[in-house]
Amino acid sequence: MTTKKTSMRTHTCGDLTAKDIGGTVTLCGWMDVKRNHGGVVFMNLRDLYGITQIVVRPESPVFKPTDELKSEYALKITGKVVPRPPESLNTKIATGEIEVEASDLEILNTSQPLPFDLGEHAGVLEETRLKHRYLDLRRRKMAHNLVLRSRVAGIARAYLSSLDFNEIETPLLTRSTPEGARDFVVPSRANPGKFYALPQSPQVFKQVLMASGLDRYFQLARNFRDEELRSDRQPEHTQIDIEMSFVTEADIAAVVEGMMSRIFSSIGDTLDAPFPEMEYSDAMSRYGSDKPDLRYGLEIADVSEIFRDSGFKVFSGAIKSGGHVSALTMSGAGISRSLIDRLEETLKKQNAKGLPWIRWSDPAKPESPIVKFFTPEEMEALRKQLDIKPGQLTFFGVGAGYAPFIHMGILRTEFISDKKLAECAGLEKPAKKWAFLWVRHFPLLEKDAQTGRWTFTHNPFTAPLPEETAKLDTDPGNVRSCQYDLVLNGVELGSGSARNHTRAMQEKIFGLMGYSKEEIAEKFGMLVNALDFGAPPHAGIGIGFDRLVGIICGTDSIRDVIAFPKTASGACPLSESPAPLDEAQLKELHLRITP
Ligand code: ASP
């Protein structure tokens, strides 16, 4: 018996199988396709759950009315379940063994001609799809993305509830939380000249909940950030937001690993938990990224020691002034000179000076414009450190700080993420489907490029590593933090930290960022006051829910897993927002638009 039986239907369009043969059923759905075969009308009736073939024979009382039916008419059809003749069995769909012989038909609603074909692969402009999202979401793949999203949310909720987490809502009308993005603001009618900000995340409120003794909090929270949009960004996104008291980073990791294991087991995949961990500094120097895709090896090497005194001044000069030479080696047969030139252009846009390379078709006779500068000893040491095999190609990065590693990291990501490039570099299909990773101990502070002041790398509430707090006074730029990121297949899926739970430490860190006592009280009063009353040690994380669902659904665009997303310019073609306000509304809000 179907659980989706209603007063209008006995079954859904995905329910009926051979065991229903002989029964009389009523189905509701949309007319998908209609065709006339030798005087008999066949229709596909479709709903969220599947497709059922309807047959209308000339002797049926509803044969004539089928003339009127057009695509996407909403129909109610009653009839008898009969076996399909052997030649029209369809093993690809659940209802493929039967058809329904219609004896009654009701048109519940008609439909205008469609602005686009609802076929799975219709190449329709996204703008058009969003404008008619009600039709776009009738496409099977799109509807299934949303169904999956709902299931994943359900699993997360059930799992966290089973661990006694409390789901607590925090305000949407609030004041700005400084998390690095611009705020969306809402004018207050009752308070002329004052504005609410939509939260960039519930960060401060969840910390206050910990100070309140609520112990374990979660929320599927909406975050608002007015940033430049990309395919994996929206002005509003959802995160599985978590915070716990009397814990260390390990407790958060265990909860998240348990939750991910449940979520992925629901799609039939088993995860290896605990997830591997990597220091931020290792991620940067071994993979040139703080979110390395560990489905692949392709490690970057630091070959600086070999070239410290090299006659090739590009290398030795950089090394002598404290920089590094990095190397990335891969199979080179498919990598043409013009591809190398293209990659060099990509890197130059990232401030690389060039892209030196060596081709090792025969390792004894390396080919490259730069080999003439190297001694046989240097070449031998290089071959040995990189464990060179015939046919490989090595790229080099040169520069200060992490730059040479980041440049090789960009190449690594290009080769991994572009199917054609992966083929050129002979990358095998990855051995694992899901590579989760914790990246830990990000630097606490970094210099703001514009103001030259210290600023936070993730959010200002992250605690320094306890054993490094002494360095806050002497060498703040080298203090590591209790910040961790969760990475999946090279995507930053979430980030979190152990927080400053004493007012003194939080004020000290704000102080390093250049805030005076008065500014701290004005901007962060709510948090520091709460910390002042016995706030417990606490830690948490926010996991990007749209990204997670996008990865599981296998789409590159999070817009495909959001029911009503915005376009790249932040507009919603369906609701036509943002939209102007009329004069009366503006006046009421004490606003005037200046041209
Ligand atoms: N508030 C952080 C974010 O939105 C997450 C966290 O640290 O818990 O990225």
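Along the sequence shown, the residues carry numbers beginning at 1. Just so you know, ligand 1 is whichever comes first in the structure, and atom 1 is the first atom listed for that ligand.
- By the side chain to side chain contact (heavy atoms under 4.5 Å, CB included) test, E588 is found to be paired with R189, residues two or more places apart in sequence or in another chain being considered.
- Atoms of ligand 1 lying under 4.0 Å from any heavy atom of N459, numbered from 1 in the order shown and given with element: 7 (O).
- The distance criterion of under 3.5 Å between nitrogen or oxygen atoms is not met by S497 with respect to ligand 1.
- Counting the atoms of ligand 1 from 1 in the order shown, those under 4.0 Å from a heavy atom of K206 are 6 (C), 8 (O).
- Note on ligand 1: R225 sits in its first shell, one or more heavy atoms being nearer than 4.0 Å.
- When the side chain to side chain donor-acceptor pair (under 3.5 Å) test is applied to E468, the partners found at least two apart in sequence or on another chain are R480.
- Listed by number with element, the atoms of ligand 1 under 4.0 angstrom from any heavy atom of R499 are 6 (C), 7 (O), 8 (O).
- Using a 30° and 60° split on the angle between ring planes, F275 and F436 fall in the parallel class, below 30°.
- Within ligand 1, the atoms closer than 4.0 Å to a non-hydrogen atom of S201 are 1 (N), 4 (O), numbered from 1 in the order shown.
- Between D473 and K508, at least one side-chain N (NZ, or NE/NH1/NH2) sits under 4.0 Å from a carboxylate O, which counts as a salt bridge.
- The Q203 neighbourhood of ligand 1 comprises atoms 1 (N), 2 (C), 5 (C), 6 (C), 7 (O), 8 (O), with distances under 4.0 Å to a heavy atom of that residue.
- The ligand atoms of ligand 1 that sit less than 4.0 angstrom from a heavy atom of S495 are 5 (C), 6 (C), 7 (O), 8 (O), 9 (O).
- Taking the charged nitrogens against the carboxylate oxygens, D418 and K420 have no contact shorter than 4.0 Å, which rules out a salt bridge.
- Atoms of ligand 1 lying under 4.0 Å from any heavy atom of G496, numbered from 1 in the order shown and given with element: 6 (C), 7 (O).
- Atoms of ligand 1 lying under 4.0 Å from at least one heavy atom of G542, given by number and element, are 5 (C), 6 (C), 8 (O).
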